[in-house]
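Here the structure comes first, spelled out in structure tokens, and everything after it is commentary.
Remember, it's 1-based here, ligands and their atoms both numbered in the order they're listed.
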Amino acid sequence: MDDVTSKGFLVTGTDTGVGKTVVTAGLAGVFCRHGLDAVAIKPVQSGARLEDGELVPEDALFYRLATGLTYPLEQLNLYRFAPAVSPHLAAELSGQKVDPRRVVDFCQQALLRHQVTLIEGAGGLCVPLSGPHFTVADLARDLSLPLIVVARIGLGTINHTVLTVAYARNIGLRVAGIIFNSLRPGEAGPVERDNPGVIAEMTGVPVLGILPYLPGVSVEQGTCEGLVEAVEKHVLWGELLTYLKS
Ligand SMILES: Nc1ncnc2c1ncn2[C@@H]1O[C@H](COP(=O)(O)OP(=O)(O)OP(=O)(O)O)[C@@H](O)[C@H]1O
Ligand SMILES: [Mg+2]
């Protein structure tokens with residue numbers, strides 16, 4: 001696998017809270033476990049926690065936990081804002097501005113430093129990072145990175161996922177795969193069983209797996225019990241490495 005060089009993916013979701021951080025951290029953990037120099041970064045974090053007077057970028061902390069790597073948080077996160085709203089508004093409410101050039105440079109540094117870089121967006125693909133002219137999709141385009149789309153497995157996901165893929169294609173982005181995530185415990189019903197197949201058919205994008213609900217995993221509480229093993233088992237992570245080489 002040592003011919004994978006300085007490449008990566010932008011991990012987006014069909015919505016906020018669908019499991020981008022969990023999937024990103026799990027994938028980075030699996031890549032590291034298989035001997036790759038992989039890293040996960042979150043260039044712009046809103047909803048950052050205030051701890052001892054400092055804003056804590058929660059998603060980046062969770063990547064460190066899942067990978068066991070201790071890169072300085074400054075290498076994993078560039079902007080962090082307390083309001084739990086879209087980054088453009090979170091910045092405004094904090095009296096700041098997100099500079100698109102700095103975000104792109106920050107991501108490029110990581111892409112240059114590591115074999116595989118996973119970049120988590122914020123919310124979904126159309127979310128403005130800085131304003132209407134610099135969205136998560138624009139970041140992926142500026143970096144020429146393919147997308148990984150994280151989608152919830154239950155009711156409502158057909159529309160959200162197909163629209164996300166259609167928007168991505170419309171502006172020339174490639175979609176490497178869709179990963180479904182189970183946000184709640186319980187058996188799969190007819191909806192959960194049907195969704196992956198129909199979405200694969202409607203989009204032509206490979207479904208890379210369905211991550212089950214993991215009771216020992218919580219981004220907020222900083223627990224990732226069984227996450228890397230579950231991603232290793234339920235997600236076709238090797239397909240992503242093959243995609244990078246293609
Ligand atoms: N497979 C899972 N099993 C158990 N809990 C999960 C799973 N996936 C996600 N969660 C929980 O669901 C919540 C949302 O997940 P996560 O933070 O990964 O979403 P996100 O898409 O990154 O959100 P944001 O848009 O805020 O970055 C978190 O509390 C997380 O711990
Ligand atoms: Mg997140």
Side-chain angles (χ1 to χ4, degrees), residues 9-30 39-49 55-67 73 76-91 98 103 107 118-129 135-137 139-140 147-154 156-157 160-161 164 178-188 192 195-196 207-235 237:
F9 297 95
L10 191 137
V11 183
T12 190
T14 52
D15 198 357
T16 184
V18 293
K20 295 182 299 295
T21 302
V22 167
V23 169
T24 303
L27 281 173
V30 172
V39 72
I41 65 171
K42 172 98 176 179
V44 187
Q45 166 100 60
S46 48
R49 219 177 44 232
L55 283 176
V56 178
E58 207 163 54
D59 293 4
L61 277 184
F62 192 73
Y63 309 146
R64 292 210 305 199
L65 189 73
T67 57
L73 286 177
L76 308 183
N77 165 253
L78 177 61
Y79 289 104
R80 57 198 81 156
F81 306 112
V85 295
S86 171
H88 77 289
L89 180 59
V98 172
V103 176
C107 295
L118 298 169
I119 301 172
E120 182 182 341
L125 200 51
C126 295
V127 164
L129 290 175
T135 63
V136 172
L139 176 62
L147 303 178
I148 295 171
V149 174
V150 179
R152 62 168 67 83
I153 184 71
T157 212
H160 289 159
T161 311
T164 297
I178 298 165
I179 299 175
F180 289 99
N181 185 35
S182 315
L183 291 163
R184 273 182 284 278
E187 290 291 301
E192 288 76 14
N195 276 339
V207 169
L208 300 177
I210 305 171
L211 188 64
Y213 177 78
L214 302 164
V217 167
S218 168
V219 173
E220 293 77 14
Q221 286 169 27
T223 54
C224 66
E225 204 183 306
L227 173 61
V228 176
E229 294 75 12
V231 171
E232 191 168 34
K233 181 171 169 199
H234 296 282
V235 176
W237 53 272

Measuring only between side-chain heavy atoms, which start at C-beta, is [X] closer than 4.5 Å to [Y]?
X	Y	result
Pro83	Leu89	no
Val217	Phe62	yes
Pro43	Leu139	yes
Phe180	Glu192	no
Pro185	Pro215	no
Leu55	Gln45	no

Heteroatom proximity flag, [X] to ligand 1, N/O under 3.5 Å:
X	answer
Leu211	no
Lys20	yes
Gly17	yes
Asn181	yes

Taking it one step at a time, do Val44 and Phe81 satisfy side chain to side chain contact (heavy atoms under 4.5 Å, CB included)? CA-CA 8 Å; Val44 187; Phe81 306 112; 4.0 Å; yes

Using a 6.0 Å cut-off, check whether atom CD of Glu229 has over 12 heavy atoms from anything other than its own residue.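 Yes, the 6.0 Å shell around CD holds more than 12 heavy atoms from other groups.
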
If you measure from each non-hydrogen atom of [X] to ligand 1, which part falls under 4.0 Å: side chain, backbone, both or neither?
X	value
Glu58	neither
Ala122	neither
Val23	neither
Leu183	side chain

Just jot down the ligand 1 atoms closer than 4.0 angstrom to any heavy atom of [X], in number order.
X	result
Ser218	31 (O)
Glu120	22 (O), 27 (O)
Lys42	27 (O)
Asp59	27 (O)

Starting from [atom], find the nearest protein heavy-atom neighbour and note its residue, name and distance.
atom	answer
atom 2 (C) of ligand 1	Ser182 O, 3.5 Å
atom 26 (O) of ligand 1	Thr16 OG1, 3.5 Å
atom 28 (C) of ligand 1	Glu220 OE1, 3.5 Å
atom 5 (N) of ligand 1	Val217 O, 3.7 Å
atom 3 (N) of ligand 1	Leu214 N, 2.8 Å
atom 31 (O) of ligand 1	Val219 N, 2.9 Å
atom 19 (O) of ligand 1	Gly19 N, 3.1 Å

Can you tell me if [X] has a non-hydrogen atom under 4.0 Å from ligand 1?
X	result
Pro212	yes
Gly13	no
Gln221	no

From [options], residue fulfilling side-chain contact (heavy atoms from CB on, under 4.5 Å) relative to [X]:
X	options	answer
Ile210	Ile178, Ile153, Val235	Ile153
Val39	Leu118, Leu76, Thr67	Leu76
Thr14	Thr164, Leu125, Val150	Thr164
Leu10	Ile148, Val136, Val149	Val136

Below 2.8 Å, any N, O or S contact between Thr24 and the Mg ion (ligand 2)?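 It does not; every qualifying atom lies at 2.8 Å or beyond.
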
For Val85, does its backbone N or O pair with a side-chain atom of Ser46 as donor and acceptor, under 3.5 Å?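 Checked: pair present.
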
Nearest 10° is fine: what angle sits at the Mg ion (ligand 2) between OG1 from Thr21 and OD2 from Asp59? 80°

Measure from atom 10 (N) of ligand 1 to every heavy atom in Asp15, Val22, Ile153 and give the option owning the shortest one.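 Among Asp15, Val22, Ile153, the closest heavy atom to atom 10 (N) of ligand 1 belongs to Val22.
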
For the student: nearest non-hydrogen atoms of Arg152 and Asp15, plus distance: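 Scanning both residues completely, I find the closest heavy atoms to be NH2-OD2, 3.6 Å.
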
Within 4.0 Å of atom 14 (C) of ligand 1 (strictly less), any protein heavy atom?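 So atom 14 (C) of ligand 1 has protein heavy-atom neighbours under 4.0 Å.
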
Which is it for Asn181 and Val18 under the side chain to side chain contact (heavy atoms under 4.5 Å, CB included) test, yes or no, and what are the steps along the way? CA-CA 7 Å; Asn181 185 35; Val18 293; 5.8 Å; no

Need the atom name: nearest N/O/S atom of Glu120 to the Mg ion (ligand 2).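 The closest N, O or S atom of Glu120 to the Mg ion (ligand 2) is OE2.
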
